[in-house]
*Asks:* 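This is the structure I want to talk about, given as structure tokens.
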Amino acid sequence: MTDIQDRKRRAGGRAGNKARAGSAVIDQMPWRIPVNPDRPTEPLDAEGVQRIHRGAMSILSDIGIEFLNPEAVEILRRAGCRVNGTNVRMDESFVMEMLGHAPDSFSITPRNPARKVVMGGQHMLFGNVSSPPNAWDLERGKRSGDMATFREFTKLTQYFNCIHLNGGYPVEPVDVHAGVRHLDCLYEQLTLTDKVVHAYSLGAERVEDVMEMVRIAAGLTPSEFDASPRMFTNINSVSPLKHDYPMLDGAMRMARRGQPVIVTPFTLAGAMAPVTMAGAVALSLAEALAAIALLQYINPGCPVAIGTFTSNVDMKSGAPAFGTPEYMRATQMTGQLVRFYGLPLRSSGVCAANVPDGQSMWETSNSLWAAVQSRTNLVYHAAGWLEGGLIASPEKFVMDCEVLQMIQRYFEEATFATSADDIALDAIREVGAGGHYFGCQHTQDRYQTAFYAPFASDWRNYEAWAADGAHWTPERAHRIYKQILAEFEPPEMADTAREELGRFVARRKQEGGAPTDF
């Protein structure tokens, strides 16, 4: 293999990009499931882990969690938990027995088996920004989300190899009625991408419809769909100490069919959780473990994960803050406890900035490196998030993907290998004192693959950058995003599956979709 061929193999190559993503705009890394080789950062000693564990168990046994779903309450009553109205208390022995059923790792296979992902162990997945009601870009500014913008972000999700799954709607298309929105959104995601998709647990109809659409798109029988994970959902508790009706309903439906459920309490220290990070983490874990215990009792061994969304608020205004030192420590601490429980971990790539500026990148980078340090298995909102989750930005999406590729390169063994060739004593002898390494054979053999090659960063000096138009990073990212959309081609899909999917959507729309009160 020549150096040029090797470079194309490792960096993706223009031909490879076109085959995978329908575009040759950037020379990106190939599709891969990153493996984090580093030891996790563990700020807690063994006793600290036990203190937080005991705190979470005390919350579950002495204070209890409100389950605002009668079916869930009745199931937990039959399981031997202590029930008082909607308040459910469960002993440590029950919780730990249920956790013993849960797998520490599982895979999810979408309609394209080549896009299968692994959740758990040292694997690390990145998902797109999910659920903002608004969008922002350099041309149009801030505006409400619509279906046209939804499609744009879905195409970006498919294009970038460092984005492994659809974490949810990358922006809410508010121009589509909520009763049928899930049908249109999942149709677009299943046809414009061949990656794993997600169902919002917001009513029985939405979850059941999405499971059926995923089955149809993959050409599966119902039993084949139930046999292994094909999609997933994420539910949030209503902190403090509550799980609501629709989230539990959707989670139970998914668990019964063997589809993964991530339980992510949204605990902001100082607002919905204690102001201390250990207290906020203990509360978050108790809320997550309560729901996971329920799901494992319903279907022992069903795939589950714990999500952490523990951060702090600005105590002057009450506004959420992300990417803070406290957020980083809470993520690391939660990682320790989640490994103690033997489950996969989800965290997020988040910031509080309103536009893709310096603040947006340092806060997001803090969040992403906290994910690396905590050995997170799935990073939600890894690309495109702004304003604490209220804005999705295509420029930010592109900028974040640059960071995600850097993290993937950081994981590669070449960055820390210590073979004789890597120690390079022959090259050191050849160059000697006062020479340079540009022309030596060791460099010539490796220069094309030695270092990470950016697609959005500009490494030229000031004069060269200024002479070429002095484009700031968001401007370069905007140009890349526009080029991606101009050249995008959707992935292949069997005509029979597409047609059946279209018929299902049309029928469910005629039936009314999901009921709403408007």
Side-chain angles (χ1 to χ4, degrees), residues 7 10-14 16-17 20-21 23-34 36 124-129 136-138 152-153 155-165 167 170 322-323 347-351 353 355-372 376 379-386 391-412 414-415 448-460 465 468-485 487-488:
R7 179 173 178 270
R10 293 182 58 190
R14 293 190 181 276
N17 284 339
R20 284 185 298 273
S23 178
V25 175
I26 63 170
D27 193 15
Q28 63 174 314
M29 288 179 169
W31 167 269
R32 92 258 314 256
I33 305 301
N36 183 348
M124 190 171 193
L125 307 173
F126 300 117
N128 58 357
V129 60
W136 181 98
D137 64 52
L138 277 174
E152 288 189 359
F153 279 101
K155 292 174 182 178
L156 292 177
T157 298
Q158 173 67 13
Y159 176 85
F160 278 101
N161 293 326
C162 61
I163 301 298
H164 301 103
L165 47 78
F322 300 104
S347 65
S348 299
V350 286
C351 67
V355 293
D357 58 5
Q359 176 188 335
S360 78
M361 295 314 295
W362 73 59
E363 290 178 351
T364 300
S365 291
N366 284 348
S367 300
L368 292 173
W369 283 104
V372 171
T376 286
V379 183
Y380 250 55
H381 315 299
W385 166 293
L386 286 174
I391 292 176
S393 162
E395 292 88 359
K396 179 69 161 39
F397 198 110
V398 171
M399 293 159 66
D400 288 337
C401 284
E402 182 85 278
V403 178
L404 300 183
Q405 284 209 154
M406 289 182 177
I407 290 172
Q408 291 189 165
R409 171 59 177 172
Y410 171 83
F411 288 164
E412 290 181 2
T415 63
Q448 291 176 314
T449 59
F451 308 126
Y452 174 75
F455 62 81
S457 296
D458 190 332
W459 288 353
R460 297 173 295 178
W465 169 76
D468 194 32
H471 297 294
W472 287 47
T473 307
E475 295 173 301
R476 296 195 299 274
H478 181 83
R479 184 174 63 248
I480 292 170
Y481 130 70
K482 287 296 207 178
Q483 290 172 338
I484 289 171
L485 296 185
E487 299 186 18
F488 181 84

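FYI, side chains are in, hydrogens and waters are out, and symmetry mates aren't considered; it's all heavy atoms of this structure.
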*Asks:* Please enumerate all residues that pass side chain to side chain donor-acceptor pair (under 3.5 Å) together with Tyr452, with sequence neighbours excluded.
*Replies:*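 Partners of Tyr452 under the side chain to side chain donor-acceptor pair (under 3.5 Å) test: Glu402, Gln405.
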*Asks:* So do the side chains of His478 and Leu138 get within less than 4.5 Å of each other, counting heavy atoms only?
*Replies:*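 With C-beta onward as the side chain, the pair touches.
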*Asks:* Give a yes or no on whether the ring-centroid distance for Trp31 and Phe160 is below 6.0 angstrom.
*Replies:*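 Trp31 vs Phe160: aromatic centres not under 6.0 Å.
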*Asks:* Can you measure from CD1 (Ile484) to CD (Glu152) and round to the nearest 0.5 angstrom?
*Replies:* 11.0 Å
*Asks:* More than 12 non-hydrogen atoms from neighbouring residues, nucleotides or ligands closer than 6.0 Å to CZ on Phe455, yes or no?
*Replies:* yes
*Asks:* Is a donor on one side and an acceptor on the other found under 3.5 Å between the side chain of Trp385 and the backbone of Ala392?
*Replies:*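 No: the side chain of Trp385 does not pair with the backbone of Ala392.
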*Asks:* Between atom NE2 of His381 and atom CG of Leu386, what is the distance when rounded to the nearest 0.5 Å?
*Replies:* 12.5 Å
*Asks:* I want to check something: taking the side chain as every heavy atom from C-beta on, are Gln359 and Cys351 in contact at a cut-off of under 4.5 Å?
*Replies:* no
*Asks:* Nearest heavy-atom pair of Ser367 and Gly349: which atoms, and what distance?
*Replies:* CB-CA, 3.9 Å
*Asks:* Between the side chain of His164 and the main-chain N/O of Phe126, is any donor-acceptor distance below 3.5 Å?
*Replies:* yes
*Asks:* CH2 of Trp465: more than 12 outside heavy atoms within 6.0 angstrom?
*Replies:* yes
*Asks:* Please answer whether the main-chain N or O of His471 pairs with a side-chain N or O of Arg476 as donor and acceptor at a distance below 3.5 Å.
*Replies:* yes
*Asks:* Can you tell if the side chain of Ser457 reaches within under 4.5 Å of the side chain of Met406, non-hydrogen atoms only?
*Replies:* yes
*Asks:* Check salt bridge (Lys or Arg N to Asp or Glu O under 4.0 Å) between Glu395 and all other residues, then give those that pass, not counting sequence neighbours.
*Replies:* none
*Asks:* List in chain and number order the residues that pass side chain to side chain donor-acceptor pair (under 3.5 Å) with Lys396, two or more places apart in sequence or in another chain; answer none if no residue qualifies.
*Replies:*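 Lys396: side chain to side chain donor-acceptor pair (under 3.5 Å) contacts with Thr364, Asp400.
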*Asks:* Using a 4.5 Å cut-off on heavy atoms from C-beta on, say whether the side chain of Ile407 contacts that of Pro34.
*Replies:* no
*Asks:* Minimum heavy-atom separation for Leu404 to Cys162, with atom names?
*Replies:*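 Distance-wise, the nearest heavy atoms are CB-SG, 4.0 Å.
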*Asks:* Hey, is the main chain of Gly127 close enough, under 3.5 Å, to the side chain of Tyr380 for a donor-acceptor pair?
*Replies:*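 Looks like no, no N/O pair under 3.5 Å.
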*Asks:* Can you tell me how far apart CG (Asp458) and CG (Asp468) are? Round to the nearest 0.5 Å.
*Replies:*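 So the gap between those two atoms works out to 7.5 Å.
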*Asks:* Looking at SG of Cys401 and CD of Gln408, how far apart are the two atoms once the value is rounded to the nearest 0.5 Å?
*Replies:* 9.5 Å
*Asks:* Using side-chain heavy atoms (C-beta onward) and a distance below 4.5 Å, is Tyr159 in contact with Leu485?
*Replies:*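 Tyr159 does not reach Leu485 side chain to side chain.
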*Asks:* Does some side-chain heavy atom of Phe397 sit less than 4.5 Å from a side-chain heavy atom of Asn128?
*Replies:* yes
*Asks:* Within a strict 4.5 Å, meaning less than it, do heavy atoms of the Ile163 and Leu156 side chains meet?
*Replies:* no
*Asks:* In the structure I gave you, are the side-chain heavy atoms of Leu125 and Val379 within less than 4.5 Å of one another anywhere?
*Replies:* no
*Asks:* Quick one about Gln483 and Glu487 (side-chain donor to acceptor, distance below 3.5 Å, no hydrogens or angles considered), yes or no?
*Replies:*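 Distance-only check fails for Glu487 and Gln483.
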*Asks:* Donor-acceptor pair, distance only, cut-off 3.5 Å: does the side chain of Asn36 make one with the backbone of Val372?
*Replies:*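 Side chain of Asn36 to backbone of Val372: a pair is present.
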*Asks:* Got a donor-acceptor contact below 3.5 angstrom from the Thr415 side chain to the Glu412 backbone?
*Replies:*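 Looks like yes, one N/O pair under 3.5 Å.
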